Amino acid sequence: SSITIVMASDDTHKSKWVNWEIDETAKMGKKVLVIDARKNTKSPLPSAVDSNKSSVKVVPWKIDNVMSAIDGLTQ
């Protein structure tokens, strides 16, 4: 795929596999779209989001934002 989509919940930051997926996508030179669906905004995003800032776009869980971000990342 041309982008990887990650749905971030309150516990996503605890998953080593989510961080691995973000890191591997960035290493391949592809983009990552993180959909922020956290209910507790004090819960952190996965650490790989910060370490791959140039490859990652974070948007709130609203369909218009998600569709616009996908369009922007695939062009």
Side-chain angles (χ1 to χ4, degrees):
S1 68
S2 58
I3 63 172
T4 297
I5 298 176
V6 174
M7 179 71 80
S9 68
D10 292 334
D11 294 323
T12 305
H13 68 281
K14 297 175 184 176
S15 171
K16 70 178 182 179
W17 297 111
V18 171
N19 282 312
W20 180 86
E21 197 70 49
I22 293 169
D23 286 335
E24 290 301 308
T25 300
K27 284 180 192 173
M28 290 188 282
K30 296 183 179 187
K31 299 294 182 181
V32 178
L33 174 61
V34 176
I35 300 170
D36 188 353
R38 296 173 298 163
K39 291 180 181 177
N40 179 0
T41 56
K42 293 182 180 180
S43 294
L45 290 170
S47 60
V49 170
D50 283 334
S51 58
N52 294 289
K53 285 183 181 180
S54 64
S55 298
V56 176
K57 180 169 183 76
V58 179
V59 296
W61 179 221
K62 293 181 181 171
I63 193 65
D64 292 342
N65 294 348
V66 172
M67 296 307 296
S68 293
I70 290 172
D71 288 342
L73 291 174
T74 57
Q75 294 179 7

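Predicted, not measured: the structure shown is a model, and the values here were computed from it.
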Check your understanding: Would a hydrophobic clustering, with Ile, Leu, Val, Met, Phe, Trp and Tyr connected at side-chain separations under 4.5 Å, put W20 with V18?
Key -> no

Practice item. Please confirm whether the backbone N or O of S47 pairs with a side-chain atom of N19, one donor and one acceptor, at under 3.5 Å? Key: yes

Review point. OG1/T25 to CD1/I3 distance, rounded to the nearest 0.5 angstrom?
Key: 10.0 Å

**Study point:** Residue among I22, V32, T12 satisfying side-chain contact (heavy atoms from CB on, under 4.5 Å) with V49
**Key:** I22

**Study point:** D10 side chain vs N40 backbone, donor-acceptor pair below 3.5 Å
**Key:** yes

**Study point:** pair E21-V6: side-chain heavy atoms closer than 4.5 Å
**Key:** no

Exercise for review: Could you tell me the separation between the OG atom of S68 and the CD1 atom of I63, rounded to the nearest 0.5 Å?
Suggested key: 9.5 Å

Point to revise | Spacing of CD1 belonging to I35 relative to OG belonging to S9, to within rounding of 0.5 Å | key: 12.0 Å

Review point. Is S51 close to D23 at the side-chain level, that is, under 4.5 Å between some pair of heavy atoms?
Key: yes

Point to revise | S2 side, atom OG; K31 side, atom NZ - distance, nearest 0.5 Å | key: 11.5 Å

Check your understanding: Which pair of heavy atoms, one from K57 and one from V59, lies closest together, and at what distance?
Key -> CE-CG1, 4.0 Å

Review point. Do W61 and L33 share a hydrophobic cluster, counting only Ile, Leu, Val, Met, Phe, Trp and Tyr and linking them when any side-chain heavy atoms are less than 4.5 Å apart?
Key: yes

Point to revise | Co-membership, hydrophobic cluster, residues V56 and I70, 4.5 Å side-chain | key: no

Point to revise | Cluster overlap V34 with M7, hydrophobic side-chain contacts below 4.5 Å | key: no

